Amino acid sequence: MDDYDVTCNHYGDYKFILENFVKFDFTQKQYNLLVQFHTEFKAFNDGPGMQYYLPKLFIDTPEWEKVMGKAKEVLQAFYYKKA
């Protein structure tokens, strides 16, 4: 299993978090970025993700680049630092 499969498997968790974001003490900006990422990922998953499926087939597509760009914005908004 790869990171893409793991992300897809936790799709329901994201929905729960977005619906209950106040309980997680997110700022409005963090919430908005999560919604944008969720929307971008869902559009990819329902479209090109279904077409290409395997990461090695979609990793260099413009659609995946948009998803990754939005993911980076989310990480910055939550002050993530790679260990």
Side-chain angles (χ1 to χ4, degrees):
M1 186 175 296
D2 55 38
D3 290 343
Y4 181 69
D5 289 331
V6 170
T7 302
C8 291
N9 289 340
H10 291 289
Y11 186 78
D13 296 339
Y14 302 128
K15 186 175 178 184
F16 174 81
I17 290 169
L18 291 176
E19 290 173 350
N20 297 282
F21 80 97
V22 174
K23 295 177 184 178
F24 294 95
D25 201 29
F26 295 162
T27 67
Q28 190 65 45
K29 179 182 178 181
Q30 289 169 327
Y31 170 75
N32 290 341
L33 285 169
L34 282 173
V35 169
Q36 292 170 18
F37 170 76
H38 180 73
T39 301
E40 198 70 50
F41 184 80
K42 182 171 178 3
F44 177 83
N45 193 49
D46 293 347
M50 294 294 285
Q51 178 184 353
Y52 300 120
Y53 186 68
L54 297 174
K56 68 181 180 181
L57 299 177
F58 66 71
I59 202 76
D60 292 324
T61 64
E63 297 90 352
W64 186 245
E65 187 175 326
K66 284 177 65 176
V67 171
M68 294 304 295
K70 195 52 67 181
K72 288 176 185 176
E73 288 181 50
V74 169
L75 291 174
Q76 288 174 348
F78 283 88
Y79 310 107
Y80 174 79
K81 301 276 189 233
K82 192 172 183 178

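Not measured: the values here are computed from a predicted model. Computed over heavy atoms, backbone and side chain alike; hydrogens, waters and symmetry mates excluded.
- In this structure, Glu63 has no salt bridge (Lys or Arg N to Asp or Glu O under 4.0 Å) partners at least two apart in sequence or on a different chain.
- Of all non-hydrogen atoms in Asn20 and Phe24, the two that sit nearest each other are O-CD1, 3.2 Å.
- By the salt bridge (Lys or Arg N to Asp or Glu O under 4.0 Å) test, Lys66 pairs with Glu40, sequence neighbours left out.
- If you take NE2 on His38 and NZ on Lys70, they are separated by 14.0 Å, rounding to the nearest 0.5 Å.
- Remark: Thr39 pairs with no residue by the side chain to side chain donor-acceptor pair (under 3.5 Å) rule, at least two apart or across chains.
- Not one N or O on the side chain of Asn45 forms a donor-acceptor pair closer than 3.5 Å with the backbone of Phe41.
- Under the rule for a side chain to side chain donor-acceptor pair (under 3.5 Å), Glu65 has no partner lying at least two apart in sequence or in another chain.
- The nearest pair of heavy atoms linking Phe26 to Ile17 is CE1-CG2, 3.6 Å.
- Residue Tyr79 is not grouped with residue Leu34 when hydrophobic side chains (ILVMFWY) are merged at heavy-atom distances under 4.5 angstrom, including chains of intermediate members.
- Residues meeting the ring-ring contact (aromatic ring centres under 6.0 Å, His included) test with Phe21, sequence neighbours left out: Tyr31.
- Interatomic distance, Met68 CE to Glu73 CD, rounded to the nearest 0.5 Å: 12.0 Å.
- Scored by the side chain to side chain donor-acceptor pair (under 3.5 Å) test, Gln28 finds Asn32 as partners (sequence neighbours excluded).
- Inter-residue side-chain proximity for Leu33 and Phe78 is flagged as unmet; no heavy-atom pair is nearer than 4.5 Å.
- Annotation for Ala43 and Pro48: closest pair O-CD, 3.9 Å, computed over non-hydrogen atoms.
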